[in-house]
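Have a look at the structure below before the remarks.
Bear in mind that the values here come from a model prediction, so they are computed numbers and not experimental data.
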Amino acid sequence: PGEEIWFAGAQDIQVHGFVLKPKGWVEGKKKKYPAVFLIHGGPQGAWEDSWSTRWNPNVFSQQGYFTVFINPTGSTTYGQNFTDAITEDWGGKPFVDLQLGWKYILDTYPEIDPQRTAAAGASWGGFAINWIQGHPEYDFGFKALVCHDGVRNAFGLTFPFLSIISRSSIHTTMDSQRMNCTSSITILVDHRGRARRQTSSIRPDL
């Protein structure tokens, strides 16, 4: 069955999300279940109490995964300020939310086996996967990362992704240093000797 969760995220703002327990869930069985952490695209989008043929969390749950999907800073439906707070901060507050959310999940559900965890995302969610891979100091501990059409290079983005820069920058020269710092491909190159986890498909043995 699905459950809603709330936890204190960046700047102590409450962040909302969902979990789906796998088929055959038995409460109290410590470190029994693999888990997958899904990150939505947009970034101005949201996981909702709905059903879809695209990135359907129920499909992961039915395959035996404890499925986690939260709505970090930048998500819609929680007020315009929360949505706009990702502007110029793609690699900032959203990742504080993701880190705190994952810690909350591991602390709250000891049934999850931390040695069998994966994260997956598309679009901005794919950017998030690349960013996580390039920042091993975040210490999520995922054993697999799945990037689906994720953003790697902010220089290649145009108007659909102007949340990277301020609205006032639309008609001015883009700040190359800021864009460079927002590009996950830059981080991956800078840290290539440290980022040991591979971006890959979820394996059935996880």
- Tell me, do L38 and P57 make a side-chain contact under 4.5 Å, heavy atoms counted? yes
- Task: Please tell me if the side chains of Y104 and I5 come closer than 4.5 Å, counting only heavy atoms from C-beta onward.
- Result: yes
- Item | K23 to Q62 - nearest heavy-atom pair and separation | CD-OE1, 3.8 Å
- Task: Determine the minimum heavy-atom distance between S123 and G41, stating which atoms define it.
- Result: CB-CA, 4.1 Å
- Query: Hey, is the main chain of D84 close enough, under 3.5 Å, to the side chain of T87 for a donor-acceptor pair?
  - Reply: yes
- Task: Please check if W6 and F82 belong to a single hydrophobic cluster, counting links between Ile, Leu, Val, Met, Phe, Trp and Tyr side chain heavy atoms closer than 4.5 Å.
- Result: yes
- Message: Looking at every heavy atom in both V15 and G9, which two are closest together, and how far apart are they?
- Response: CG2-CA, 3.9 Å
- Task: May I have the step-by-step check of side-chain contact (heavy atoms from CB on, under 4.5 Å) for L20 and F60, ending in yes or no?
- Result: CA-CA 9 Å; L20 282 172; F60 291 89; over 6 Å; no
- Message: I want to check something: taking the side chain as every heavy atom from C-beta on, are I105 and V19 in contact at a cut-off of under 4.5 Å?
- Response: yes
- Taking only residues at least two apart or on different chains, which pairs with a member in residues 99-110 satisfy salt bridge (Lys or Arg N to Asp or Glu O under 4.0 Å)? K103-D107
- What heavy-atom pair brings A128 and F95 nearest, and what distance separates the two atoms? CA-CZ, 3.5 Å
- Task: Search all heavy atoms of C147 against all heavy atoms of G126 and return the closest pair with its distance.
- Result: SG-O, 3.6 Å
- Using the benzene-type ring in the case of Trp, are the ring centres of F66 and Y109 under 6.0 Å apart? yes
- Quick check: does any side chain N or O of D97 sit under 3.5 Å from a backbone N or O of A10, one acting as donor and the other as acceptor? yes
- Task: Please step through ring-ring contact (aromatic ring centres under 6.0 Å, His included) for the pair Y33 and W25, ending with a clear verdict.
- Result: CA-CA 8 Å; Y33 300 97; W25 170 266; 4.8 Å; yes
- Query: Could you state the interatomic distance from CD (Q44) to OG1 (T76), rounded to the nearest 0.5 Å?
  - Reply: 8.5 Å
- Query: How close do F37 and I70 get, heavy atom to heavy atom, and via which atoms?
  - Reply: CZ-CD1, 4.0 Å
- Could you check whether the rings of Y138 and F140 sit parallel, tilted or perpendicular, using 30° and 60° as the cut-offs? perpendicular
- Heavy atoms, side chains only, cut-off 4.5 Å: are V96 and Q11 in contact? no
- Say you draw a straight line from CG of L145 to CD1 of I39; how long is it, rounded to the nearest 0.5 Å? 8.5 Å
- Any V146 side-chain heavy atom under 4.5 Å of I129 side chain: no
- With a 3.5 Å cut-off and no angle check, do the side chains of N71 and Y78 form a donor-acceptor pair? yes
- Side-chain heavy-atom pair P110, K31 within 4.5 angstrom cut-off: no
- Task: Give a yes or no on whether the backbone of A85 and the side-chain of K93 come within a donor-acceptor separation of less than 3.5 Å.
- Result: yes
- Between W55 and H40, a side-chain donor and acceptor under 3.5 Å: no
- Item | Backbone of G28 reached by a side-chain donor or acceptor of E111 within 3.5 Å | yes
- Item | Ion pair K21/E27, N-O distance below 4.0 Å | no
- Query: Do D89 and T73 have side-chain heavy atoms sitting under 4.5 Å apart?
  - Reply: no
- Message: Tell me whether the rings of W124 and F127 are parallel (<30°), tilted (30 to 60°) or perpendicular (>60°).
- Response: tilted
- Message: For the backbone of T67 and the side chain of S61, can you confirm whether one donor and one acceptor N or O come within less than 3.5 Å of each other?
- Response: no
- Message: Under the criterion side-chain contact (heavy atoms from CB on, under 4.5 Å), I'd like the reasoning laid out for K30 against D113: C-alpha separation, chi angles, the key distance, then a yes or no.
- Response: CA-CA 7 Å; K30 292 186 176 181; D113 182 353; over 6 Å; no
- Listed by chain and number, what are the salt bridge (Lys or Arg N to Asp or Glu O under 4.0 Å) partners of K32, not counting sequence neighbours? none
- Heavy-atom check, side chain of W102 versus side chain of L98, under 4.5 Å: no
